[in-house]
Amino acid sequence: MKRTSRDIRTANRYEVLRQIIAESPTSRQELATATGLSLATVATLVGELLDLGMLTEVGFEDSAGGRPRGLLAVDASGGALIGVDIAETYVRVELFDLTLNVLARAAADMRPGESRPEQVVEQVASAVDAVVTEAGPGATRVLGVGVSVPGQVDRDTGIAEYAPNWDWHDVPLLDLLAERLRHPIHLDNPLRACTVAELWFGAARGRGDAVVVNLGTGVGAGLALGGGLHRGVSNSAGEWGHTTLVLDGRPCHCGNHGCVETYVGAPGIMLNLRESGPDSPLLRPGDQTATIDALARGVAAGDPVAVEVVRDTARYLGAGIAALVNLLNPEVVVLSSWVAAALGEPLLRDVREAVARHALQRPLAATEIVLSPVPGDPVCLGAATFALEGALDAAGLRPVNGAAAGRRSVPAEPVPAGPVTVQPVTVGSAPVKGRAAPLS
């Protein structure tokens, strides 16, 4: 699709703000060098961001001669961003200031049988209300809500087209959320959110080509190619979890058999455990999180069943990652999301060994395989950047309308939601900053 001049201006405004968040304080001259934009263009964009209240002048840098350069920083109080991570077993919501410091967190469990769209929407709305209340004055100007939902998403129409683990088909999720939330909404999926988080603050920062393997209930591979997020022609790139790993293998929710997800997603790992130790006390039927946590503790304690299950899981995962290494030749493969975080270094070690057995030597030699270093929930962080991008896009439109602004209507009667837990946050605890990657 050909980009319009407005698209390019929004992208440049976004890139300038990203650089300032990553390298604050900084000068207009440094921004021009980092972004490749002309100094005149940077000066114009900075002026716009100052007018929007997103930036502030913070003095001048020391000069050995000549005119001192003015320094810029993000105005943390210039607005708030909300990131929402909807997963098959939980909803997490985080509220950030404009420097992407977390101001408030809330979470709710998603119990089996509670995945109807209206139930999910009510959980999200309750958690959003909780973080706004918790943040208090810090949330007086919410610029937008970025929402990550599993499966295939049309981010332009706001439709969750297909979520196999919930059997969702063509759910008008943005419209449903807009009935309960009073802020602009921007919808995408966890593959994109995790990848953006890694590009901004994680292992993909400064890398040309990266793969972010999302390991949760579902499985996928977010792609950063040429230094930017790769979405594919229909925003469907990265559905690696539904590629065939074992011919005529385990049935998958998507309707096929032998998909990667059925062997390395949380339910698949539980099945691996059931097959290796049917009577193992590590297995917590119906509770993915408790089983994965018990498995991690078992590996740490040297439980032979736990060690065998993680090794078998890593064999499947390594074979699948080897195909990505051979196909894409990335600089880094990042293991992300809650399953990877729980199983940690033992899983990483076994995956590296498995990939080495299956990948071609030349691409493998150029690829590093690591655990995600992004603290907290990378999906919430990535989703918040979608809200930031949407806010900058909306700033170029008067009046703001449609999906880019988050459509609003009269709130509907709420569906009773489960308990939402507000999690304490130490204000000022932010992701480690570094030079941001180029905009996709």
Side-chain angles (χ1 to χ4, degrees), residues 190-192 194-195 197-199 202-216 218-232 236-250 252 254 256-266 268-269 271-272 299 307-337 339-374 378 437:
L191 300 183
R192 257 69 76 189
C194 277
T195 304
E198 294 297 334
L199 281 169
R205 186 178 61 214
R207 310 284 190 131
D209 297 291
V211 175
V212 181
V213 174
N214 190 41
L215 296 175
V219 171
L223 306 177
L225 304 179
L229 183 63
H230 178 72
R231 295 180 176 277
S236 300
E239 292 294 343
W240 165 76
H242 295 288
T243 57
T244 301
L245 183 63
V246 179
L247 287 175
D248 302 319
R250 294 173 179 173
C252 183
C254 74
N256 291 327
H257 287 77
C259 293
V260 170
E261 183 175 293
T262 64
Y263 293 89
V264 303
I269 296 173
L271 186 51
N272 298 342
V299 171
V307 171
E308 179 185 0
V309 168
V310 170
R311 185 172 295 131
D312 284 347
T313 300
R315 282 196 313 116
Y316 290 118
L317 183 55
I321 290 175
L324 294 172
V325 169
N326 291 345
L327 179 66
L328 299 172
N329 193 194
E331 292 179 58
V332 64
V333 174
V334 187
L335 305 186
S336 182
S337 200
V339 170
L343 297 181
E345 289 293 336
L347 177 68
L348 177 65
R349 181 186 61 246
D350 290 344
V351 165
R352 285 172 171 168
E353 292 177 0
V355 173
R357 289 196 297 272
H358 295 286
L360 294 173
Q361 286 304 306
R362 183 173 175 80
L364 178 62
T367 300
E368 184 181 7
I369 303 174
V370 301
L371 292 170
S372 171
V374 176

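Since this is a predicted model, take the numbers as computed values, not measurements. Residues: numbered from 1 along the sequence shown. The figures that follow rest on heavy atoms only: side chains count, while hydrogens, waters and symmetry mates do not.
Atom-to-atom distance recorded for N272:CG and D312:CG is 6.5 Å, nearest 0.5 angstrom. Atom CG of residue L347 and atom CG of residue L371 lie 7.5 Å apart, to the nearest 0.5 angstrom. With rounding to the nearest 0.5 Å, the separation of CZ in R231 from CG in L191 is 11.0 Å. One finds the CZ atom of R192 at 13.0 Å from the CG atom of L199 (value rounded to the nearest 0.5 Å). Once rounded to the nearest 0.5 Å, the distance linking CG of D209 with CG of L225 reads 5.5 Å. Note that CG of L317 is 5.5 Å distant from CG of L215, once rounded to the nearest 0.5 Å.
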Hey, mind stepping through I321 and Y316 against side-chain contact (heavy atoms from CB on, under 4.5 Å) and telling me if it holds? CA-CA 9 Å; I321 290 175; Y316 290 118; over 6 Å; no
Point to revise | Trace of the salt bridge (Lys or Arg N to Asp or Glu O under 4.0 Å) decision for E368 with R207 | key: CA-CA 11 Å; E368 184 181 7; R207 310 284 190 131; 2.9 Å; yes
### Message
Assess the residue pair V309 and I269 against the criterion (side-chain contact (heavy atoms from CB on, under 4.5 Å)); give the C-alpha distance rounded to whole Å, side-chain angles, the decisive distance to 0.1 Å, and a yes or no.
### Response
CA-CA 8 Å; V309 168; I269 296 173; 4.2 Å; yes
Test log, rule side-chain contact (heavy atoms from CB on, under 4.5 Å), inputs V333 and V370: CA-CA 6 Å; V333 174; V370 301; over 6 Å; no
Evaluate side-chain contact (heavy atoms from CB on, under 4.5 Å) for V212 paired with E198, printing each intermediate quantity in order. CA-CA 8 Å; V212 181; E198 294 297 334; 3.8 Å; yes
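In terms of heavy-atom proximity, A314 sits nearest to A354 at O-CB, 3.5 Å. Contact record, V374 with A197: CG2-O, 4.0 Å, taken as the closest heavy-atom pair. Residue H358 comes nearest to A322 through the heavy atom pair CB-CB, 3.5 Å, listed as atom of the first residue, atom of the second, then distance. Residues R250 and L271 approach most closely at NE-CD2, 3.3 Å, considering heavy atoms. Taking each heavy atom of A319 and L245 in turn, the nearest pair found is CB-CD1, 4.2 Å. Of all heavy-atom pairs between V355 and G318, the closest is CG2-O, 3.5 Å.
Contact annotation: the side chain of R315 approaches that of R357 to within less than 4.5 Å [non-hydrogen atoms, C-beta and beyond]. Between V213 and W240 the shortest side-chain heavy-atom distance falls below 4.5 Å. The shortest side-chain heavy-atom distance between P190 and S337 does not fall under the 4.5 Å cut-off. Counting heavy atoms from C-beta on, the side chains of N256 and T244 never come closer than 4.5 Å.
With sequence neighbours left out, E261 forms a side-chain contact (heavy atoms from CB on, under 4.5 Å) with N165, V219, H242.
Within the 3.5 Å criterion, the main-chain N or O of I369 finds a donor-acceptor partner in the side chain of R352.
Counting only N and O atoms by type, the side chains of S336 and N214 include no donor and acceptor under 3.5 Å apart. Between the side chains of E331 and T367, not a single donor N or O lies within less than 3.5 Å of an accepting N or O.
Under the side chain to side chain contact (heavy atoms under 4.5 Å, CB included) test applied with P330, the options V334, L327, L328, V332 reduce to a single match, L328.
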